[in-house]
Amino acid sequence: IVSLPREYNAAVDLIDRNLARGLGDKVAYVDAFGPVTYAGLAERVDRAGDLLRGLGVQIEQRVLLALLDTVDFVAVFLGAIKIGAVPVPVNTLLPPADYEHLLRDSRARVLVVSDALLPKLREAAARSPWLTATVVADSPEGGPDDGHPRLRALLERAAPAVEAAATGPDDAAFWLYSSGSTGRPKAAVHLHAHLRRTAELYAGAVLGLREDDVVLSAAKLFFAYGLGNALTFPLAFGATAVLLAERPTPAAVFRALQQRACTVFCGVPTLFAAMLADAAHAEVRLPALRVSTSAGEALPRHVGERWRARFGSDILDGIGSTEMLHIFLSNRPGDVRYGTTGLPVPGYALRLVDDAGAPLEGAAEGALWVSGPTAAAGYFHDRERSLQTFHGPWTRTGDRYARDAEGYYTYRGRADDMLKVGGIWVSPFEVESALAAHPAVLEAAVVGHADADDLVKPKAFVVARDPAAAGPALAGELQRFVKDRLAPYKYPRWIEFVAELPKTATGKIQRFRLR
Ligand code: 3SK
């Protein structure tokens, strides 16, 4: 990786490199409102920076972004970074009460919110003691502005060029909220250098992103995964990104992939499985697609294999985290082992540790720790939880992994999801994968459940592909199916059929709710 100068601003780097390459007339983004060139984006970023300065935002002050995926997100995010302010993109899927914590905790001075989302944020915004202005952005579906200024009008009046703040690689650039299994979301503080490093280490060296790529990310920009996929990476390589403001249903994603001839698709396992199961699009082929990425939860082997067989291109399964900003362990083109998460991304060091925190060598199973140049500086004003997660150069991921003799890693579940059955560790993920291999199963989640003797055994919650087939006969068949494939003590003693599984906004199964 190239060393960065003492004075470095990530927004300037991501925008100016494309103008310097002569890509001003190239389409950088296509959103619901149309295409935007690199030159057009550069001007919009500067106008956004100027309008935030005009609203009184100063270096290091936070700007909360509750924005759907349109070019406005990119312009305000980079405009804020350019003037040294700190954008805080937040999940747009939250219930109204959750925004109160985010506005207070971040002490944001300005809120930029999509009109369609304003009804969910208006009360929290009115109560925030820190907010001095709310700006409302257009969304494709439209919505109220409650008399707040419209971003479109403010951008038109703002100056088309703004002077960048003299930031350095280690200055705070943006925050991303991360929710754990307990407690309120905490803000991971990311630095100017981190955007550039994720682009170099993952998008360049692993994904091999190129200027002629057209990228679609089903993960929204407010997620760390989506932010890299659809903002940092396309801009770092002069590619084109397609933004979807709506929910990424199989129909919406198929439409965008076909219409825009996307070459890179960034999805999550649930979506890949739903796309494969979508009868209405069974005839669709995607000849332009050269590679897809998957993260958020481990990709079941059969999903990757069926995708490859149908579309003729691979899904690179990887794992990242909000704290590490993007993927640090991944399969790579030409070396895909479905069912594993592949090898460490060069530039990151991985460690498996035992229950006492001692590193394990060679083939082993343990808690996964990671070290690399994109680790968050810490959680904002949360010393205790920072100390629990960040240990010197190491970040605890909270995941358990097995490493084989060749160094490939296989997901074994969250460290705290593991079950001890008859004194032996059972990975719920292994049982879920076995269940998911049955053709009648769409999805499954496994948790520990106490039996009549108060001993914990695996219990499965199953979404049947055909809800009419759910019942005792199928439950018995699934139990036999798992017993045939795994050590006998691992089979689920109970099977409960459900219409859907509870999930986080990032698509992770919320096992605590099932428990
Ligand atoms: O969930 C993941 O694996 C992930 C990947 C990239 C960036 C962020 C996250 C949480």
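Sequence positions, counted from 1, serve as the residue numbers for this chain. Both ligands and their constituent atoms are indexed starting at 1 by order of listing. All figures in this text were calculated on a predicted structure; none of them were measured in a lab.
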**Item:** Set of residues satisfying side-chain contact (heavy atoms from CB on, under 4.5 Å) with respect to Ala445, sequence neighbours excluded
**Value:** Glu432, Leu501, Ile509, Leu514
**Request:** Indicate whether the side chain of Tyr225 and that of Thr293 have a donor and an acceptor atom separated by less than 3.5 Å.
**Result:** yes
Output block, N or O contacts of ligand 1, threshold 3.5 Å exclusive:
from	atom 1	to	atom 2	distance (Å)
ligand 1	1 (O)	Gly296	N	3.2
ligand 1	3 (O)	Gly296	N	3.1
ligand 1	3 (O)	Gly320	N	2.9
ligand 1	3 (O)	Gly320	O	3.3

**Prompt:** Is there any side chain to side chain donor-acceptor pair (under 3.5 Å) pair reaching into residues 298-310, and which pairs are they, with sequence neighbours excluded?
**Reply:** Arg308-Asp314
**Request:** Measure from NZ or CZ of Arg62 to the centre of the six-membered ring of Phe380 and say whether it is under 6.0 Å with the direction within 45° of the ring axis.
**Result:** yes
**Counterpart residues, ring-ring contact (aromatic ring centres under 6.0 Å, His included), relative to His391 (two or more places apart)** = Trp369
**Asked** Does a side chain donor of either Tyr29 or Asp69 reach within less than 3.5 Å of an acceptor in the other side chain?
**Response** no
